[in-house]
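What follows is a single structure, written as structure tokens, with notes after it.
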Amino acid sequence: GQQVMQIPQYQHVQEGEDFTTYCNSSTTLSNIQWYKQRPGGHPVFLIQLVKSGEVKKQKRLTFQFGEAKKNSSLHITATQTTDVGTYFCAGRGGDYKLSFGAGTTVTVRA
Amino acid sequence: NAGVTQTPKFQVLKTGQSMTLQCAQDMNHNSMYWYRQDPGMGLRLIYYSASEGTTDKGEVPNGYNVSRLNKREFSLRLESAAPSQTSVYFCASSGLRTEGYTFGSGTRLTVV
């Protein structure tokens, strides 16, 4: 079945620095979604990417979908304490089922 | 506020006890889902309901049953709780199969 791998599992970032989290699928995806979960909270939908090579931005967050539609990345610039949490990617295969990665947990040093 | 409502928020069960987790959405979404979240394992799909009247197994259905009571409500039942079912359970819904999911606030379940 479809598997979505996410790296790194943990990211410790100095406030103001940039970082990137990566998502890789064993199969071609029809689309990929990203979610953010604050500590003690629930996942919140951030964005969906559908097209090969697609790039979308939300303020300091940049999302990319790979040309082969098997990988994706989330890049955050000038990290702030409000960026703390776990970021999940979720890939949708041909059967429309969404498979979540294990997440990247981000902590920020002030 | 519009969204997905889960009850209860916390629950402690003894091994062998049964319980039902309730979920309701008021966004007129067709599809609803139950996930469990364990440390380091992300979100794993237990069961889902693509539309009212249908339910299907996800990745980890063993030990669970579901009921799609109507378009709004989707419940998850543990017939005989086991310690391995200690987890955080999230209900989610989506309007179309390709839309982002809206999650409830979760149920933190401990089985002792």
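Small disclaimer: the values here were computed from a predicted structure and weren't measured. The sequence lines fix the lettering, A, B, ..., with proteins before strands; numbering per chain opens at 1.
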Please classify the contact between [X] and chain A as side chain, backbone, both or neither, with a heavy-atom cut-off of under 4.5 Å.
X	result
R44(B)	neither
L43(B)	both
Q37(B)	side chain

## Note on the structure
Pair count under 4.5 Å, heavy atoms only, with chain B: among W34(A), F88(A), F45(A), Y35(A), highest is Y35(A)
## Note on the structure
From the list A102(A), P43(A), A90(A), G103(A), the residue making the most non-hydrogen contacts under 4.5 Å with chain B is P43(A)
### Query
Side chain, backbone, both or neither: which part of Q6(A) has an atom under 4.5 Å from a heavy atom of chain B?
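Q6(A) has no heavy atom closer than 4.5 Å to chain B.
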### Task
Could you walk me through whether T7(B) and K9(B) pass side chain to side chain contact (heavy atoms under 4.5 Å, CB included), step by step?
CA-CA 5 Å; T7(B) 55; K9(B) 294 190 182 302; over 6 Å; no
### Task
Examine the side chains of Q80(A) and D83(A) and answer whether a donor and an acceptor come within less than 3.5 Å of each other.
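Distance-only check fails for Q80(A) and D83(A).
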### Query
Does Q11(A) reach the side chain of T21(A), with side-chain heavy atoms less than 4.5 Å apart?
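No, side chains not in contact.
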### Query
Do L78(B) and Y64(B) have side-chain heavy atoms sitting under 4.5 Å apart?
yes
### Task
To the nearest 0.5 angstrom, please state how far the CG atom of L29(A) sits from the OG atom of S52(A).
11.5 Å
